[in-house]
Protein chains: 2
Amino acid sequence: MKYSNATNYALHTMVYLIHLPQGNTVGVQELAKIQKLSPTYLSKILTKLTKAGLIESTPGVKGGYKISRFQNEVTFYDVIKAIEGDTNLFDCSIHHEGCLIEETMRQAEENMKKELQAKLLIDIVKKAEAERSVETNQ
Amino acid sequence: MKYSNATNYALHTMVYLIHLPQGNTVGVQELAKIQKLSPTYLSKILTKLTKAGLIESTPGVKGGYKISRFQNEVTFYDVIKAIEGDTNLFDCSIHHEGCLIEETMRQAEENMKKELQAKLLIDIVKKAEAERSVETNQ
DNA sequence: GATATTAAAGACTCTCGTTATCTATAATAT
DNA sequence: ATATTATAGATAACGAGAGTCTTTAATATC
Ligand code: SF4
Ligand code: SF4
């Protein structure tokens, strides 16, 4: 479970797309401007999200990106996996039989993974909205 | 909590040093040969372990490295920290107030860290010895 | 069907951290 | 004094990540 900047951009974009009114699409030009990235670079990241089925893309006039139908089930880990692939932080290529170092490291990494598989993107979006509404009522 | 090959070499060395008879020392030449590394490269790793107080070094004839007095308390995380420093996998430099992405990622990483702070090196050494003795008795 | 718009794909460069080597210096036992 | 061993610094080789440019494919609108 590596973790690079690209994943962070992906998370930001996902959160942004979840906020979009149902059915609306937004192009890579605008998304790139928001995050101050070059459109072509962000485009590669978005393509990975598309291939993973997390977002949908339509080329052409009035095209762009929108969140896929399954937005309520998307976890943090889904996004990370879409960008980084299914890798391990600990990567010993030798694999001695019954190696306890490897077992320990994998176990620890698994704990992190479990946590990220349990966290839905929609949860933090709702939580942020709730906090904003409290502020407004004060 | 980064994790590079150097940390893996450090873990191997620590385990090896724990196995040494009390009071014995071993030089970097031999340690490097075992792991098939260049001595100078491994030397830098060992120096970090020394500065972290996990092992002790004595230069000169009959010198070398040995495990420090506190071997029974050394955790996996201690070794990782000695080599990689105290870093975070998730490293957004912006830190927007109350950012839930950052909070979620940090929380997950913390889970991994906790696990590695709970695992003692001595535990896997003993476990490996126990398994070997079972095999021998069969 | 022609045109404008937008995503996808490929080749390529730049940068940076890790890995690794070489050399010189400091410390210690004999 | 001498041999041995760790430490430190400079620096080169390498690969992964970050980022750009250009070309191609798909789609709506007219
Ligand atoms: S002991 Fe474990 S971590 Fe070390 S080389 Fe063997 S498999 Fe890899
Ligand atoms: S929203 Fe969170 S992760 Fe994104 S830039 Fe701000 S602080 Fe960083």
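Atoms considered below: every heavy atom in the structure, side chains included; atoms not considered: hydrogens, waters and symmetry mates. Bear in mind the structure is a predicted one, so any value in this text is a computation, not a measurement. Letters A, B, ... are given to chains in the order of the sequence lines, protein chains preceding strands, and every chain is numbered from 1.
- In this entry the distance linking CD of E30(B) with P of dT5(D) reads 10 Å, nearest Å.
- Residues L49(A) and M14(A) form a side-chain contact, since some pair of their non-hydrogen atoms from C-beta on lies under 4.5 Å apart.
- Following rounding to the nearest Å, Q29(B) (CD) and dT7(D) (P) show an atom-to-atom distance of 13 Å.
- Where G64(B) and E84(A) each meet DNA chain D at their nearest nucleotide, the meeting point lying more 5' is that of G64(B).
- Listed candidates were dT19(C), dG10(C), dT7(D). Nearest to the side chain of K44(A) is dG10(C).
- If you take CG of L31(A) and C1' of dT6(C), they are 12 Å apart, rounded to a whole angstrom.
- If you take CG of L42(A) and P of dC21(D), they are 16 Å apart, rounded to a whole angstrom.
- With contacts defined as side-chain heavy-atom distances shorter than 4.5 Å, the pair I55(B)/K66(B) does not qualify.
- Between Q35(B) atom CD and dT19(C) atom P there is a gap of 13 Å when expressed in whole angstrom units.
- The side chain of A6(B) lies closest to dT19(C), out of dT19(C), dT22(D), dT21(C).
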Show your working on side-chain hydrogen bond (donor to acceptor under 3.5 Å, both in side chains) between E84(A) and T7(A) and close with a plain yes or no. CA-CA 7 Å; E84(A) 309 284 347; T7(A) 305; 2.5 Å; yes
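- Put simply, the side chain of H19(B) reaches to within 4.5 Å of the side chain of E129(B), judged on heavy atoms.
- Tracing side-chain contacts under 4.5 Å through hydrophobic residues (I, L, V, M, F, W, Y), one never reaches L31(B) starting from V61(B); they form parts of separate clusters.
- Under the 4.5 Å side-chain criterion, counting only non-hydrogen atoms from C-beta, Y41(B) is not in contact with L46(B).
- For Y65(B) and dT7(D), the shortest distance from a side-chain N or O to OP1 or OP2 is below 4.0 Å.
- By the 4.5 Å heavy-atom criterion applied to side chains, T87(B) and D91(B) are not counted as neighbours.
- A straight line from CD1 of I83(B) to C1' of dT18(C) spans 13 Å, rounded to a whole angstrom.
- For the contact set between residues 46-56 of chain B and DNA chain D, defined by any heavy atom under 4.0 Å, the members are T47(B), T50(B), K51(B).
- Residue Y41(B) has its side chain nearest to dA20(C) when only dA20(C), dA8(C), dA6(D) are considered.
- You'll find the side chain of I67(B) stays beyond 4.5 Å of the side chain of V74(B), heavy atoms only.
- Spacing between atom CG of N8(A) and atom C1' of dG19(D) amounts to 16 Å, rounded to whole angstrom units.
- Of the listed nucleotides (dT19(C), dT20(D), dG17(C)), dT19(C) has the atom at the smallest distance from the side chain of S4(B).
- Using a 4.0 Å heavy-atom criterion, one finds that T40(A) contacts the bases of the nucleic acid, with or without backbone contacts as well.
- Within 4.0 Å of S57(B), counting heavy atoms only, lie sugar-phosphate atoms of the nucleic acid but no base atom.
- At dT21(C), one or more side-chain N or O atoms of S38(B) fall inside 4.0 Å of OP1 or OP2 (strictly under the cut-off).
- Straight-line distance from the NZ atom of K66(A) to the P atom of dT27(D): 12 Å, rounded to whole Å.
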Dump every N/O contact between nucleotides 28-30 of chain C and the protein below 3.5 Å, one line per pair.
{"from": "dA29(C)", "atom 1": "O4'", "to": "V61(B)", "atom 2": "O", "distance (Å)": "3.4"}

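- For the pair K127(B)/D123(B), no side-chain contact is recorded, criterion being any heavy-atom separation below 4.5 Å from C-beta on.
- Residue contacts shown for Y9(A) are limited to sugar-phosphate atoms, with no base heavy atom under 4.0 Å away.
- Proximity of K2(B) to the phosphate of dG17(C): no side-chain N or O atom is located under 4.0 Å from OP1 or OP2.
- N88(B) and Y3(A) share no side-chain donor-acceptor pair at under 3.5 Å.
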